[in-house]
Amino acid sequence: MTSQAAKSEPKSVAILGATGSIGQNTLDLIRRANQAATGTSHEGPYRVDSLTAGSRVAELAALAHEFRPRQIAVADEAARPSLEDLVSDLDCEVAAGTSGLEEAAAGPSDWVMAAIVGAAGLSPTLQAVRQGKTVVLANKECLVCAGDLFMREVVAAGATLLPADSEHNAIYQVFDFDRPEAIQSITLTASGGPFREATLAQMRRATPEEAVAHPNWSMGAKISVDSATMMNKGLEVIEAYHLFPVEKEQIEVLCHPQSVVHSFVTYKDGSTLAQLGSPDMRTPISYTLAWPDRMAVPVTPLNLGGLGQLTFETPDLSRFPLLKIAQVALQRGGLAPTILNAANEVAVSQFLHRKIGFLDIAEVVERALERSESFDFGGIVLENLEQVMDVDARARSLATELTAKLAVA
Ligand code: NAD
Ligand code: MG
């Protein structure tokens with residue numbers, strides 16, 4: 001290899017959750033960068049080492065044909081034979097199950113996008129962390145269900161953790177990590193979701209279709225429902241606590257319906273530094289992909305003059321109790337955030353399957369936290385992944401029981 005070629009060695013990347021919204025946005029950036037350099041999606045500045053999906057094998061196989069990864073993995077073991085058939089013409093390893101996802105995460109890539117939805121992403125993401133890679137976190141549930149454990153592993157392995165979540169990415173860009181004592185507060189902005197102005201009566205009748213119709217962002221179903229209940233912001237408060245050296249009380253939330261100011265940091269001298277941009281996840285993802293450089297992204301340029309005004313308001317906790325419930329779970333610590341996350345995953349799934357109503361989601365999460373007092377979680381420290389998964393499983397069965405009681409006939 002010539003020294004010229006060595007200089008432009010491609011960045012080797014793995015994408016966990018490649019068929020999802022974040023996965024697709026990440027691959028869109030890689031596709032554009034590679035095609036601009038070589039005219040193909042699979043060669044250029046980025047080399048796709050591995051891709052994973054939950055069960056959508058046809059989409060995963062199509063991506064394998066386009067990006068030619070070394071390995072692909074599907075979470076659903078039963079789907080492995082059909083995936084093997086679909087890529088039999090390619091020189092591509094096929095793996096399956098949790099161990100398959102872990103293998104894909106631990107492979108030779110330098111950069112890993114963690115974009116599986118829910119606690120299912122925890123073990124593969126931890127595998128990437130343990131290799132000391134650059135791990136880009138979209139999967140906030142990892143930090144909610146196992147934040148202390150996860151961050152201990154990041155430090156132990158010397159991994160680089162970059163946030164893809166737009167609010168945390170914004171804060172990361174303006175946070176003075178050398179002077180955390182100069183920071184007074186960090187403020188996460190929230191769009192308020194599709195029901196920002198809805199009455200409780202309207203929210204009670206809300207359908208899954210209405211709940212996933214986010215006004216500003218196009219995202220997967222689970223996070224869209226979390227945005228509609230504002231649990232997403234609650235999960236993000238917990239995520240921010242683990243990502244940044246701030247106290248719990250220093251994390252604030254403000255509704256900002258235009259989703260242009262992605263979050264901000266207020267310093268003790270009265271300065272507030274914010275990151276602004278059009279609501280397009282390719283901007284924060286590109287920041288992590290090119291980091292520490294920046295890359296060109298074909299996003300709609302921000303037109304502040306055209307927008308005219310940006311507005312802010314305090315969230316209404318009486319209509320969005322899950323935000324408060326999540327903040328209390330963070331204060332309580334121990335197992336509470338793990339239970340919060342598991343119960344929410346169950347309740348959102350039951351709502352999407354039309355088994356419970358929209359307002360029942362908060363009811364299930366709140367009752368699961370109350371009922372799990374019997375888990376004796378005061379002050380407990382989760383030492384390892386097995387303990388996290390055990391608490392997660394117990395909270396899921398409790399939440400499933402609770403949803404069965406609420407289930408609409
Ligand atoms: P999505 O539903 O569109 O995609 C989820 C991906 O995970 C898919 O590839 C799916 O196949 C895979 N998956 C689902 N269940 C799985 C399982 N049990 N095991 C392995 N893989 C599984 O979700 P998304 O909107 O891309 O969100 C992904 C993560 O990123 C979530 O944690 C979400 O909170 C976070 N996030 C998303 C956005 C966004 O704009 N979409 C923004 C910020 C953060
Ligand atoms: Mg976000």
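The pair K233-E236 counts as a salt bridge, with a side-chain nitrogen and a carboxylate oxygen less than 4.0 angstrom apart. We find that D148 and R152 are not joined by a salt bridge, their nearest charged nitrogen and carboxylate oxygen being 4.0 Å or further apart. Salt-bridge check for E153 with R130: passed, with a basic side-chain N closer than 4.0 Å to an acidic carboxylate O. The existence of a salt bridge linking K222 and E141 is confirmed by a sub-4.0 Å separation between a basic side-chain nitrogen and an acidic carboxylate oxygen. Salt-bridge annotation for R319 and E197: absent, with no side-chain N of the basic residue lying under 4.0 Å from a carboxylate O of the acidic one.
With sequence neighbours excluded, the residues forming a ring pair (Phe, Tyr, Trp, His ring centres under 6.0 Å) with H262 are W217, listed by chain and number.
With 3.5 Å as the limit, one finds no donor-acceptor pair spanning the side chains of D28 and Q24.
Note: F312 and H256 have parallel aromatic rings, judged against thresholds of 30 and 60 degrees for the angle between ring planes.
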Salt bridge (Lys or Arg N to Asp or Glu O under 4.0 Å) between E209 and R354, intermediate numbers included: CA-CA 10 Å; E209 290 73 18; R354 299 178 207 280; 2.4 Å; yes
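Here the closest non-hydrogen pair linking V253 and A190 is CG1-CB, 4.5 Å.
A donor-acceptor pair under 3.5 Å is formed between the side chain of R56 and the backbone N or O of T19.
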Please output the side-chain donor-acceptor pairs of residues 98-116 that fall under 3.5 Å, not counting sequence neighbours, one pair per line with the distance.
{"residue": "E102", "atom": "OE2", "partner": "S123", "partner atom": "OG", "Å": "3.1"}
{"residue": "E103", "atom": "OE1", "partner": "Q71", "partner atom": "NE2", "Å": "2.7"}
{"residue": "S109", "atom": "OG", "partner": "K133", "partner atom": "NZ", "Å": "2.9"}
{"residue": "D110", "atom": "OD2", "partner": "S12", "partner atom": "N", "Å": "3.4"}
{"residue": "W111", "atom": "NE1", "partner": "T288", "partner atom": "O", "Å": "2.9"}

